[in-house]
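Below you'll find the structure, written out as structure tokens, and then a few comments.
In each ligand, atom 1 is the first atom listed, and ligand 1 is the first ligand listed. Predicted model, so just to flag it, every value in this text is computed and none were measured.
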Amino acid sequence: MVAGTGPHTTVIAGDLFAAQAGAGLTPPLWAPDCWGEEDQAVLVCRKVLEITHDVKSFHFEAEGHRAFSFDPGQFITLQLEIDGAAFSRCYTISSPPTRPHLISITVKRVPGGPVSNWLHDHVGPGTRITAQAPLGGFTLTGPPGPRYLFLSAGSGITPVMSMTRTLYDLGSDADVLFVHSARTPADIIFRRELEAIAAVMPNIRVVHVCEDDYPSERWMGLRGRLSTAMLQALVPDLEERETYTCGPAGYMASIRAMLGEVGYDMRRYHEESFSFESLPALAVPPSVHCGRGTTLPDGAEGDHTPSPDEEAGAPTTYSVEFVRSGLTVTCAADENLLDAAYTAGLRPPASCTQGMCGTCKTTMLSGEVDMQHNGGIRPREVAQNKILICCSKPLSDVRIDA
Ligand code: FES
């Protein structure tokens, strides 16, 4: 039992929260609507923890004494200025929403990576960072399923760690098999915490697979890369499990191939990657036809009338006016607005270029676009004529607030 002590009092944790609430100290939830007009907020670093030799967890609190609201598996986008250059980077939240007073990201130092190295070398208690509100559809939705299979590799562990911590905190009865792949035993992120969870929650089993020994530790567990034979031996009830996978693109491709080989029902498969170069195409990407004052539901047919150029077979182009920049560019009907902006020399903010992170979000003042996003925009924002220009193609001349 956790106890808080003062000079004359000893208060157990539950009473402490009750006492805080009674004294008006319980922070209000930091719901998405509280992130302000631009869905942004300032995070203040509270603590940095060394997780492995090249991985740190950064714990942030919300400026203004607020608590966080998000779904396990979602990510936040940090807006950073490093040596005069602007960077926008997505990091999955590794903490669970059941511990709402801090939000954590867990970052592996990438050789030569400007952002991960800056975070490792410069962020400490008191550092203030601007972040965009949590986003992402890679999350446990609805009531906990009876059986989950979590598959992760390297720092891809973070979203499934948030899910595992959430299920642990809620005392869930869900049957979880968590298989994590690492290079060596020294590279296993959250190793001791996962072992501690598995030790007290028999319904959560954890298996590590390492490719090699570490100089100071010979690996006695499963060795090599996860294979179909390993998967079948570890998960005889695979068909009964909902699978969540996160890791490098090559790892996830091999998982998809293995699951295909054993005839797994891929409707039960979920994956996440921030390796933006090689995101797999979604089977049914969210498609939104946006027009000033008209928003069609996913899958609805648009009301686009073919232009004379289209009817004549010529490539169709439209004009795109970046109103604040005072520039109008030509954009082909099969070109994203972001590409057209870059071709014209504009540099609007962008990060993932896959409709995931929300960095390129802006308001469409007039016109129509076909937006094929990956969860980087909320329905209420679409209703407000916000668009992600990295994944929006023009259906007419367009004016945007950028
Ligand atoms: Fe990430 Fe457009 S750059 S959603």
Check your understanding: Of all residues at least two apart in sequence or in a different chain, which pass the side chain to side chain donor-acceptor pair (under 3.5 Å) check with Gln232?
Key ->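 Checked Gln232 against side chain to side chain donor-acceptor pair (under 3.5 Å); zero matches.
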Review point. With Lys56, which residues qualify under side chain to side chain donor-acceptor pair (under 3.5 Å), at least two apart?
Key: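 Per chain and number, Lys56 pairs via side chain to side chain donor-acceptor pair (under 3.5 Å) with no residue.
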**Study point:** Geometric cation-pi criterion, Arg46 with Phe60: 6.0 Å, 45°
**Key:**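 No, a cation-pi geometry is absent between Arg46 and Phe60.
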Exercise for review: Return the set of protein N, O or S atoms whose distance to atom 1 (Fe) of ligand 1 is under 2.8 Å, each given as residue and atom.
Suggested key: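 The answer, once waters are left aside, is Cys352 SG, Cys357 SG.
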Check your understanding: Residues in ring-ring contact (aromatic ring centres under 6.0 Å, His included) with His53, at least two apart?
Key ->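 Testing His53 for ring-ring contact (aromatic ring centres under 6.0 Å, His included), a comparison that skips the adjacent residues, returns none.
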Check your understanding: Any side-chain donor paired with an acceptor under 3.5 Å for Asp187 and Thr184?
Key ->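 Side-chain D/A pair, Asp187 to Thr184: present.
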Exercise for review: Return yes when atom CZ of Arg223 has more than 12 non-hydrogen atoms of other residues, nucleotides or ligands closer than 6.0 Å, and no otherwise.
Suggested key: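 Counting neighbours around CZ of Arg223, more than 12 heavy atoms of other residues, nucleotides or ligands fall under 6.0 Å, so yes.
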